[in-house]
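We name chains A, B, ... by the order of the sequence lines, and we start the count at 1 in each one. All values reported here derive from a predicted model rather than from experimental measurement.
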Amino acid sequence: MPVTPLPAEFFDRHVTQVAVELLGKILVRRSREGVTAGRIVETEAYLAQADTAAHSAVGINRKNATMFGAPGHAYVYTIHARQCFNVVTQPRSAVLVRALEPLQGLDLMAARRGTQVLRDLCRGPARLAEALDIGRECDGWALTSGRRLWMEPGAETDAPQRECLVSTRIGVTSAHKLLLRFHTPDSLFVSGTKTLNTKGSYAFSQWQRRTKKGDFT
DNA sequence: AAAACGATCTACT
DNA sequence: GTAGATCGTTTTG
């Protein structure tokens, strides 16, 4: 099968649009050890404007410089001694990939994670980064070359896709009221509590109607 | 030099 | 549900 990564144009759109459309796409990592891949089931958007939780909000520095660059590049940061993977969309904005449904290279993921529990392999941003061996050295990589790290369209399905759900972001301490977390309904591989993912979430169409123009609360 | 701070995770009630 | 671990980076004295 030829590798057909999502092109740069896919990422060169508003960050919330990309965050939603990434649900169902496949994140693939090819390393010396082998190929690992999973279906994206949870994302968060970090805005270029009016979002104090975005790393770009403090201005450019050595760690966050990738966020100020071209769309379609990996932005990897360290927190609590762990790594988290984002993709840059329009400048100063990025999508944090928070959870995957593991699809390929399960044994390799399990070895890297130190657990056999399928649900624990990629549920949470630092967990999926560890499972796919995405480290700080991946920061700034272009995701469009299809060499070591890229995104692919999801498998075609006959079943009509249910719309995604929207909630507040997890773990952020500022701008915590913004509704910028998106997840696939009923997936076992989404992080967060059951309450947040059901009662605490809105239907996408409802959110879209509320979100007239730049108001993401 | 010490303390505080996270876009987190795990283990344990 | 929540306390504690974790560690690189930034802030404070």
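Atom NE2 in A/His55 sits roughly 5 Å away from atom C1' in B/dA7 (whole-Å rounding). What separates CZ of A/Arg181 from C1' of B/dT8 is a distance of 14 Å, to the nearest Å. Here B/dT8 presents its C1' atom at 13 Å from CD of A/Glu42, a figure rounded to the nearest Å. Between the P atom of B/dC9 and the CG atom of A/Leu121 lies a distance of 13 Å, rounded to the nearest Å. Taking atom CD1 of residue A/Ile170 and atom C1' of nucleotide C/dG1, one finds them 14 Å apart after rounding to whole Å. Nucleotide B/dT8 holds its C1' atom 18 Å from the CZ atom of A/Phe85, rounded to whole Å. One atom, CZ of A/Arg119, and another, C1' of B/dC9, lie 14 Å apart when rounded to the nearest Å.
Formation of a donor-acceptor pair under 3.5 Å by the A/Arg136 side chain with backbone atoms of A/Val76 is found in this model. In terms of modelled atom types and a separation under 3.5 Å, the side chain of A/Asp12 and the main chain of A/Pro71 share no donor-acceptor contact.
Once rounded to the nearest 0.5 Å, the distance linking CG of A/Leu180 with CZ of A/Phe216 reads 6.5 Å. Atom CZ of A/Arg92 sits about 11.0 Å away from atom CG of A/Asn64, to the nearest 0.5 Å.
In this structure, A/Asp107 places its CG atom where only 12 or fewer heavy-atom neighbours from other residues, nucleotides or ligands lie under 6.0 Å away.
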Query - Check against side-chain contact (heavy atoms from CB on, under 4.5 Å), A/Leu165 and A/Phe182 - result: CA-CA 6 Å; A/Leu165 297 176; A/Phe182 307 93; over 6 Å; no
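Between A/Arg98 and B/dT8, a side-chain N or O to OP1/OP2 separation shorter than 4.0 Å is present.
At the heavy-atom level, A/Ala126 lies under 4.0 Å from the strands shown only through sugar-phosphate atoms.
In DNA chain B, runs of at least 3 consecutive Watson-Crick or G-U pairs, each pair with both distances below 3.5 Å, span B:1-6 with C:7-12, B:8-12 with C:1-5.
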Collect all protein-nucleotide pairs involving nucleotides 7-11 of chain C in which both atoms are nitrogen or oxygen and the distance is under 3.5 Å.
from: C/dT9; atom 1: O3'; to: A/Lys63; atom 2: NZ; distance (Å): 3.4

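Residues A/Glu44 and A/Val95 are not in side-chain contact: their nearest non-hydrogen atoms beyond the backbone lie 4.5 Å or more apart.
Here A/Tyr46 packs flat against the base of B/dA7; its ring centre is closer than 5.5 angstrom to the base's six-membered ring, tilted by less than 30 degrees.
Ring centroids of A/Tyr77 and A/His55 are separated by less than 6.0 Å, placing the two rings close together. Annotation: A/Phe85 is not in aromatic contact with A/Trp141 [ring centroid separation under 6.0 Å not met].
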